[in-house]
Amino acid sequence: FPVTIKGYGKSILNCTSTSTVFQSMSKNGKIGVTGINAIQGDSNQPKNIFIKGLTVSNPNLDADPLMLMDCISDSKIELCEFIGNINAPVSSSSYATAINMRDIPAGITNNVTIQDCLFTKVGTAFDSNYDVKNVKIANNKFKIIDRGVILGSNLTGTGIQKNGPIVTGK
């Protein structure tokens with residue numbers, strides 16, 4: 001069903017615990033990579049997720065991401081604002097990532113756009129250490145953050161962390 005989002009600071013998901021604020025789930029209701037392991041291929045993969053004009057905030061978040069988008073496909077995050085809890089850029093991985101994308105062999109994150117978003121007071125704006133494909137990050141703004149985008153920094157060389165980010169086609 002359609003949801004009307006009014007833009008930065010007007011439609012807010014604010015969490016005051018130390019948990020992730022927004023997380024994708026499979027069509028069969030499974031949450032996270034551990035739950036999405038039940039995807040068994042393409043039919044239950046989270047697809048066609050379009051988020052526009054939403055503010056996601058958590059002033060108490062430490063290491064969990066604000067938005068955890070597991071195994072999503074054909075999706076777009078646009079004109080959104082992500083607010084964490086750091087007051088000055090710090091070189092530490094203990095502060096939250098705004099958006100983290102993971103995948104499993106049965107449900108690879110593919111064809112995702114993150115554009116025209118504002119990232120404020122987060123450790124990292126976007127992070128993925130997995131074999132994601134065709135993730136476009138464009139025209140975003142960053143304020144008081146440690147790292148903007150991290151792609152494939154801790155690859156293992158095997159399984160879903162073998163190659164890192166891949167771009168195919170145009």
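The CE atom of M101 sits 10.0 Å away from the CG atom of L68 when rounded to the nearest 0.5 Å. Between the CZ atom of F126 and the CD1 atom of I77 there is a distance of 8.5 Å, given to the nearest 0.5 Å. To the nearest 0.5 angstrom, E81 atom CD is 10.0 Å from C117 atom SG. The distance from atom OG1 of T113 to atom CG of N134, rounded to the nearest 0.5 Å, is 9.5 Å. Distance check, rounded to the nearest 0.5 Å: OG1 of T97 to CG of D127 gives 5.0 Å. How far CD1 of I99 is from OG of S128: 11.5 Å, rounded to the nearest 0.5 Å.
N140 places a side-chain N or O within donor-acceptor distance of the main-chain N or O of I114, the cut-off being under 3.5 Å.
Under the 4.5 Å side-chain heavy-atom criterion for ILVMFWY residues, a single connected hydrophobic cluster contains both F142 and V122. Hydrophobic clustering (side-chain heavy atoms under 4.5 Å, transitive across Ile, Leu, Val, Met, Phe, Trp, Tyr) groups M67 together with I49. Cluster membership check: L79 does not share its hydrophobic cluster with I83, using side-chain heavy-atom separations under 4.5 Å among Ile, Leu, Val, Met, Phe, Trp and Tyr.
With sequence neighbours left out, N139 forms a side-chain hydrogen bond (donor to acceptor under 3.5 Å, both in side chains) with D116.
Side-chain contact of N111 with D74: a donor-acceptor pair under 3.5 Å is present, judged by distance alone.
Across every non-hydrogen atom of G148 and A125, the tightest pair is O-CB, 3.0 Å. Contact between L66 and G84 at its shortest, heavy atoms only, is CD1-N, 4.5 Å. Closest non-hydrogen pair, I145 versus K121, comes out as CG2-N, 4.2 Å. G53 and C80 get closest at one heavy-atom pair: N-SG, 3.8 Å.
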